[in-house]
Trainee: 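To start, I am sharing the structure in question, which I have written as structure tokens.
Remember, it's 1-based here, ligands and their atoms both numbered in the order they're listed.
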Amino acid sequence: MAEIKRVQVAIIGAGPSGLLLGQLLHRAGIDNVIVEQRSGEYVLGRIRAGVLEQTTVDLLEEAGVAQRLHEEGLIHDGTQMSFGGRRYEINFRKLTGGKTVTVYGQTEVTRDLMEARQSEGAATIYEAADVSIHHFDSRPVVRFRKDGAKHEIACDFIAGCDGYHGVTRASVPAAAIKTFERVYPFGWLGLLSETPPVSEHLIYCNHPRGFALCSMRSMTRSRYYVQCSLDENAESWTDQMFWDELRRRVDPAAAEALVTGPSIEKSVAQLRSFVAEPMRFGKLFLAGDAAHIVPPTGAKGLNLAASDVRFLARALVEFYRDRSEAGIDHYSARALARIWKAERFSWWMTSLLHRIPDAGEFADRIQRAELDYLFSSVAAQTSLAENYVGLPFQD
Ligand code: APR
Ligand code: PHB
């Protein structure tokens, strides 16, 4: 017989969405449990992006987990783009009236959230097998197995924070959900190394051989990417091959300054745009990658997850504290309005910077014209900067 527990909110998935939601609810006195299929170490082993909008930093502060972020995060007041052998600067601070972003790895955000949750004694069940959700239109229940034993959790609400491949979105009847998707015909091969970054800025490179990105985790740890074909696998690239290819794609000054070293991690990521609508089904809410994916070119993945969680945490606090359903009723529409803007920006950045296979000469010239326009127009740069640092919340 399954052991039955009761909580106010059952959260599926201990990625950044689930952990941040759990922390905000816990702080507001809303009882919650996180059910995660993997181990904590596995979750922390995933290397993801690391650019935080100020609104994401503010939310992590509100969650009480921003101390290390403030000590170790790197404030970036602009970014650089390389094209045609030249480097161009997009100065966020000047273009947006003082806004900046913070470079701090998603892995570190996750670690800080996990530690806070553990030290505050909030429940997380790792290595939960066969997680399933039931009756989310009436009296929701979550079931799973742990160490062979069956468990059941009854709750008021379920938060589906279980990423793109999770069980929560997949449990919604097909007729109740509409999805929108674009899979890009190329991937990113990423390399992490214990080397100083090539520049104090991130450098986004458009090159005839394909896109490249010079990023960082700290002043001694770098993250680089090169556009690759979809069938590429990371093991067939030696570190030397990666560094040679990167050097060919960056501008001459960056190629000269590049410090190489052994890789700590190398992996290939697919690029995808995806949105599921709506994000609420009775007492089930989707948040983060469970509901949407952006290609990483706009650095929006984690920020969008945080933006969903911000809306959802406020909605649930309103429900329990003020007995108002207004927030939960508006959750989906509010979250999606922001998501589609980030989808547009991420798609645009991706189209602007990559070599698109078989796009044809016309599309190549349009891309070149778009870059020329961007580098000569303050209005175009302002639009990029406003989107990159994060659009204001309209609430
Ligand atoms: N049951 C329980 N947990 C599950 C299940 C399941 N059936 N399926 C997936 N999970 C877990 C995964 O193991 C993972 O730890 O849900 C978590 C989802 O985490 P993420 O994929 O990191 O998604 P999210 O928390 O929404 O974070 C979004 O991650 O991919 C990046 O760019 C994205 O930065 C963004 C962030
Ligand atoms: C990263 O550092 O991993 C990173 C930075 C910016 C992006 C994507 C990835 O746009």
Side-chain angles (χ1 to χ4, degrees), residues 10-22 33-52 56 74 76 79 81 101-110 113-114 124-133 142-146 158-171 188 190-192 197 201-204 211-218 221-225 265 267 269-272 274 286-309 312 342 345-346 349-350 353 388:
I11 299 170
I12 315 299
S17 303
L19 287 164
L20 182 54
L21 179 66
V33 63
I34 300 184
V35 181
E36 162 64 50
Q37 69 178 2
R38 305 284 192 171
S39 67
E41 299 81 73
Y42 180 94
V43 171
L44 284 177
R46 294 188 289 228
I47 309 289
R48 302 267 177 80
V51 177
L52 310 185
T56 303
L74 304 170
H76 282 218
T79 193
M81 289 189 164
V101 293
T102 302
V103 172
Y104 186 68
Q106 177 172 321
T107 313
E108 304 314 312
V109 172
T110 309
L113 283 163
M114 276 182 177
T124 313
I125 298 152
Y126 285 103
E127 300 182 271
D130 300 336
V131 178
S132 61
I133 62 169
V142 175
R143 297 197 183 114
F144 58 94
R145 279 190 305 106
K146 168 85 183 166
I158 298 174
C161 300
D162 49 349
Y164 181 66
H165 300 286
V167 66
T168 56
R169 190 184 70 248
S171 304
W188 280 16
L191 180 146
L192 187 68
H201 294 105
L202 267 61
I203 313 175
Y204 289 85
F211 170 77
L213 170 61
C214 305
S215 182
M216 66 192 74
R217 291 290 173 273
S218 70
R221 185 175 275 207
S222 301
R223 180 73 168 159
Y224 295 103
Y225 299 93
E265 194 260 6
S267 53
Q270 256 201 4
L271 273 71
R272 183 191 302 273
F274 172 85
L286 303 181
D289 278 16
H292 44 77
I293 299 288
V294 284
T297 329
K300 285 283 164 259
L302 178 58
N303 294 299
L304 267 193
S307 129
D308 293 353
V309 165
L312 185 53
F345 176 64
S346 305
M349 283 282 279
T350 303
L353 294 169
Y388 197 97

Trainee: Of Thr168, Leu312, Leu21, which meets side chain to side chain contact (heavy atoms under 4.5 Å, CB included) against Cys161?
Mentor: Leu21

Trainee: Is the closest side-chain donor-acceptor distance between Ser267 and Glu265 under 3.5 Å?
Mentor: yes

Trainee: For each nitrogen or oxygen atom of ligand 2, which protein N/O atoms lie closer than 3.5 Å, and how far apart are they, rounded to 0.1 Å?
Mentor:
unit_1: ligand 2; atom_1: 2 (O); unit_2: Ser215; atom_2: OG; d: 2.5
unit_1: ligand 2; atom_1: 2 (O); unit_2: Arg217; atom_2: NH1; d: 2.8
unit_1: ligand 2; atom_1: 3 (O); unit_2: Arg217; atom_2: NH2; d: 2.9
unit_1: ligand 2; atom_1: 3 (O); unit_2: Tyr225; atom_2: OH; d: 2.5
unit_1: ligand 2; atom_1: 10 (O); unit_2: Tyr204; atom_2: OH; d: 2.7
unit_1: ligand 2; atom_1: 10 (O); unit_2: Pro296; atom_2: O; d: 2.8
unit_1: ligand 2; atom_1: 10 (O); unit_2: Thr297; atom_2: O; d: 3.4

Trainee: For a side chain to side chain contact (heavy atoms under 4.5 Å, CB included) with Ser215, tell me which candidate from Leu192, Thr79, Leu202 qualifies.
Mentor: Leu202

Trainee: Looking at Phe274, does the NZ or CZ of Arg272 lie under 6.0 angstrom from its six-membered ring centre and within 45 degrees of the ring axis?
Mentor: no

Trainee: May I have every N or O pair linking ligand 1 to the protein at under 3.5 Å, one per line with atom names and distance?
Mentor:
unit_1: ligand 1; atom_1: 3 (N); unit_2: Gln37; atom_2: N; d: 3.2
unit_1: ligand 1; atom_1: 8 (N); unit_2: Gln37; atom_2: NE2; d: 3.4
unit_1: ligand 1; atom_1: 13 (O); unit_2: Glu36; atom_2: OE2; d: 2.6
unit_1: ligand 1; atom_1: 15 (O); unit_2: Glu36; atom_2: OE1; d: 2.7
unit_1: ligand 1; atom_1: 15 (O); unit_2: Glu36; atom_2: OE2; d: 3.3
unit_1: ligand 1; atom_1: 15 (O); unit_2: Arg46; atom_2: NH2; d: 2.7
unit_1: ligand 1; atom_1: 22 (O); unit_2: Arg48; atom_2: NH1; d: 2.9
unit_1: ligand 1; atom_1: 25 (O); unit_2: Pro16; atom_2: N; d: 3.2
unit_1: ligand 1; atom_1: 25 (O); unit_2: Ser17; atom_2: N; d: 2.9
unit_1: ligand 1; atom_1: 25 (O); unit_2: Ser17; atom_2: OG; d: 3.2
unit_1: ligand 1; atom_1: 26 (O); unit_2: Ser17; atom_2: OG; d: 2.6
unit_1: ligand 1; atom_1: 26 (O); unit_2: Asp289; atom_2: N; d: 2.9
unit_1: ligand 1; atom_1: 29 (O); unit_2: Arg48; atom_2: NH1; d: 3.0
unit_1: ligand 1; atom_1: 29 (O); unit_2: Gln106; atom_2: NE2; d: 3.1
unit_1: ligand 1; atom_1: 30 (O); unit_2: Arg48; atom_2: NH1; d: 3.1
unit_1: ligand 1; atom_1: 30 (O); unit_2: Asp289; atom_2: OD2; d: 2.6
unit_1: ligand 1; atom_1: 34 (O); unit_2: Gln106; atom_2: OE1; d: 2.5
unit_1: ligand 1; atom_1: 34 (O); unit_2: Leu302; atom_2: N; d: 2.9

Trainee: What pair of heavy atoms forms the shortest contact from Val167 to Ile12, and how long is it?
Mentor: CG1-CG2, 4.4 Å

Trainee: Scan side-chain atoms only and decide if Asp308 and His292 contain a donor-acceptor pair under the 3.5 Å cut-off.
Mentor: yes

Trainee: How are the rings of Phe345 and Tyr388 set relative to one another: parallel (under 30°), tilted (30 to 60°) or perpendicular (over 60°)?
Mentor: perpendicular

Trainee: With sequence neighbours left out, which residue pairs that include part of residues 158-169 fulfil the salt bridge (Lys or Arg N to Asp or Glu O under 4.0 Å) condition?
Mentor: none

Trainee: Scan residues 290-301 for pairs that pass salt bridge (Lys or Arg N to Asp or Glu O under 4.0 Å), counting only residues two or more places apart or in two chains.
Mentor: Glu53-Lys300

